[in-house]
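Notes follow once the structure below has been shown.
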2 protein chains.
Amino acid sequence: MKIDPSNKADLSAQIAEAIRDAIVEGRMIVDERLPSEAELADQFEVSRPTVREALKRLAAQSLIRTQRGAFGGAFVNRLSYEGAYGQHITTSTLLLSMNAVSFETACEARYALERACTPLACARRTADHLATMRAEIHRQAQPGLSDESFCASDVAFHRALVDAAGNPVLSYHLAGAVEAMQPLMNMITFTARSREVIEHLHTRIADALQAQDATAAETALHELEAYTLTLGRDVMAAHARKSAPVSSG
Amino acid sequence: MKIDPSNKADLSAQIAEAIRDAIVEGRMIVDERLPSEAELADQFEVSRPTVREALKRLAAQSLIRTQRGAFGGAFVNRLSYEGAYGQHITTSTLLLSMNAVSFETACEARYALERACTPLACARRTADHLATMRAEIHRQAQPGLSDESFCASDVAFHRALVDAAGNPVLSYHLAGAVEAMQPLMNMITFTARSREVIEHLHTRIADALQAQDATAAETALHELEAYTLTLGRDVMAAHARKSAPVSSG
DNA sequence: TTACATTTAAATGTCTGACAATTTTGGCGC
DNA sequence: GCGCCAAAATTGTCAGACATTTAAATGTAA
């Protein structure tokens with residue numbers, strides 16, 4: 001982690017990549033302190049601002065953290081599930097919004113992923129998971145609940161379903177994917193608001209998990225997907241009519 | 001996107017967040033040009049190096065790209081599947097390696113995710129997908145194939161399986177997850193090298209997809225998972241007793 | 001000896017000003 | 001019209017300086 005052949009790319013990008021490689025390949029371990037900015041500038045034979053730009057690139061990816069003061073500096077970060085989770089969601093959300101992903105595609109992907117964890121969730125769900133799901137269902141049934149709170153509760157319910165599988169890697173991937181699609185999903189819930197049906201399907205999912213009946217859980221998820229899809233299409237159609245009001249019937 | 005209340009956080013972090021919010025919330029659209037560094041420095045009332053650090057943070061997340069020269073500057077990036085995919089893989093790989101995720105957990109998550117796409121893949125697979133899978137199986141059967149090439153072919157095979165579902169969002173999440181776990185998986189394939197069994201199971205998966213038999217595909221994937229898990233445990237056990245080799249049957 | 005206040009040093013955060021490199025635009029001569 | 005060149009705008013990089021923060025070291029008093 002020293003050499004820096006004078007390419008045409010940005011020096012700060014090259015330095016960031018060199019340090020990133022050192023971290024990824026395990027040559028630097030968690031909580032290890034990087035040399036100070038001045039020392040790095042010496043090593044790479046660049047100025048301190050250039051080194052700083054490189055460090056900011058790494059900080060943006062949560063690969064390092066910095067601490068001011070004596071014996072401060074840049075330290076290799078332990079990439080926590082929480083940190084990675086946040087990045088995953090931001091990236092996925094932007095990917096959806098910037099590439100005009102259709103509601104159908106997102107919906108299909110979401111429920112396909114969620115069904116991936118149902119067999120494990122049925123096998124391993126604890127009383128805690130079931131209690132969380134029941135509590136969220138109960139909250140969803142309360143009349144005065146705002147749309148925002150309903151959506152939040154919906155996320156919490158599905159998050160509990162995913163966590164019930166008892167596999168943190170699965171939780172990371174699935175919960176990130178589900179949460180990233182929430183803005184799209186919210187659009188539906190806000191407009192079509194059919195809480196009774198959703199609440200009923202949630203109850204069926206919780207029942208299936210309690211009974212450890214994976215088939216029933218998957219069936220209920222299929223129905224929830226179909227229902228969501230129908231609502232989504234209605235909303236889309238209404239949108240289309242509003243912006244281009246052509247009577248087609 | 002102007003104000004910057006004098007907090008205690010880094011100015012460059014605050015500025016980066018302000019611009020990121022503007023992009024995420026759609027106030028800046030794809031390919032739109034940001035003000036020049038000097039103008040941003042004026043707007044936020046900071047110096048140019050501070051602005052530059054903020055821009056580097058955003059560049060590290062592929063949110064913007066920069067171009068030198070007249071009428072150059074920073075532009076909002078369209079977050080492509082490829083770009084997001086790379087970030088997803090890097091983050092997930094680090095998450096696995098830094099948190100000592102067990103092989104069992106990773107393996108379980110991987111195949112659970114992969115099974116999530118089999119029904120869709122069976123329904124939608126095209127001749128192209130089948131041809132790719134057959135070609136990779138054929139390559140895997142060749143005797144002189146290096147371990148590296150075998151692993152690459154393995155990834156390509158599973159990538160084709162995922163892509164066969166015809167859902168780019170699903171492909172993004174699944175392929176990213178699968179590829180991030182490849183280092184762990186490689187450790188197994190390199191050591192235990194039982195290519196015939198794997199090749200046979202791959203053939204069964206391809207056959208099932210061709211016959212559009214989702215159940216058969218899932219069964220084969222379950223068997224592949226069980227087999228991989230067995231191999232993994234053997235390798236782990238061998239590792240554990242590498243100093244005292246006890247023959248256990 | 002212990003507890004607390006002060007100093008000190010190391011490091012990051014920020015600023016100023018300058019120059020280099022690059023790329024588009026427009027003008028000039030032919 | 002075409003090719004060449006200069007100008008302008010913008011990012012990339014550098015050097016040096018000062019401000020701020022923080023932990024350790026030191027000094028001081030009970």
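Letters go in sequence order (proteins before strands), and every chain restarts at 1.
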Protein-proximity profile, nucleotides 10-20 of chain C, B/S/- by nucleotide at the 4.0 Å heavy-atom cutoff, equals BSBBBBB-B--

Restricting to side-chain hydrogen bond (donor to acceptor under 3.5 Å, both in side chains), what partner residues turn up for [X], sequence neighbours left out?
{"X": "Gln142(B)", "value": "none"}
{"X": "Arg78(B)", "value": "none"}
{"X": "Glu39(B)", "value": "Ser36(B)"}

Residue pairs involving residues 91-114 of chain B (criterion ring-ring contact (aromatic ring centres under 6.0 Å, His included); sequence neighbours excluded)
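Residue pairs with at least one partner in residues 91-114 of chain B: there are none.
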
For residues 170-180 of chain B, run the donor-acceptor check on the side chains, cut-off 3.5 Å, and write out each pair with its distance to 0.1 Å, sequence neighbours left out.
from      : atom 1 : to        : atom 2 : distance (Å)
Ser171(B) : OG     : Asp163(B) : OD1    : 2.8
Ser171(B) : OG     : Asn167(B) : O      : 3.4
Glu179(B) : OE1    : Tyr85(B)  : OH     : 2.9

